[in-house]
Amino acid sequence: MSYLSESDQQAVTLASELQRSMQEWLHSRGVHNTCSVSPYVDSGGQPAVLIKMNSHVAHAMLASFRQGG
């Protein structure tokens with residue numbers, strides 16, 4: 001990925017790690033629907049991600065947040 005800037009590379013790594021962790025977290029809660037995490041660099045030049053999920057995944061996350069974990 002030498003053609004990517006350092007911020008681009010960091011965003012790709014961040015998105016990849018977050019995608020993997022979210023999938024493991026969801027799977028451990030019996031949620032097998034997927035979500036997607038896309039890398040980008042924000043207007044300030046910082047690595048960032050966008051997360052896309054369906055309502056089933058969002059509801060599972062909300063329930064877990066409300067339970068404290």
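All values below were derived from every heavy atom in this structure, side-chain atoms included, with hydrogens, water molecules and symmetry-related copies excluded.
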May I have the list of side-chain donor-acceptor pairs in residues 44-59 shorter than 3.5 Å, sequence neighbours left out?
unit_1: Asn54; atom_1: OD1; unit_2: His56; atom_2: N; d: 3.1
unit_1: Asn54; atom_1: OD1; unit_2: Val57; atom_2: N; d: 2.9

_Within this structure, what is the SG-CD distance for the pair Cys35 and Gln19, rounded to the nearest 0.5 Å?_
5.0 Å
_Residues which pass side-chain hydrogen bond (donor to acceptor under 3.5 Å, both in side chains) with Gln10, listed by chain and number, not counting sequence neighbours_ = Glu6
*Got a donor-acceptor contact below 3.5 angstrom from the Thr13 side chain to the Gln9 backbone?*
yes
_Pairwise distance CD(Gln67) to CG(Leu62) - rounded to 0.5 angstrom_ = 11.0 Å
*Transitive ILVMFWY cluster of Val41, excluding itself - 4.5 Å side-chain cut-off*: none
*Could you state the interatomic distance from CD (Glu24) to CZ (Arg29), rounded to the nearest 0.5 Å?*
11.5 Å
*Partners passing side-chain hydrogen bond (donor to acceptor under 3.5 Å, both in side chains) against Asp42 (at least two apart in sequence or in another chain)*: none
*Which pair of heavy atoms, one from Ala11 and one from Pro39, lies closest together, and at what distance?*
O-CB, 3.3 Å
_Ser64 (side chain) donor-acceptor with Met61 (main chain) under 3.5 angstrom_ = no
*Please report the closest heavy-atom contact between Ala60 and Val31, naming both atoms and the distance.*
CB-CG2, 3.5 Å
*Hey, is NE2 on His27 packed in by over 12 heavy atoms from elsewhere, all under 6.0 Å?*
no
*Does Leu14 belong to the same Ile/Leu/Val/Met/Phe/Trp/Tyr cluster as Trp25, with side-chain heavy atoms less than 4.5 Å apart forming each link?*
yes
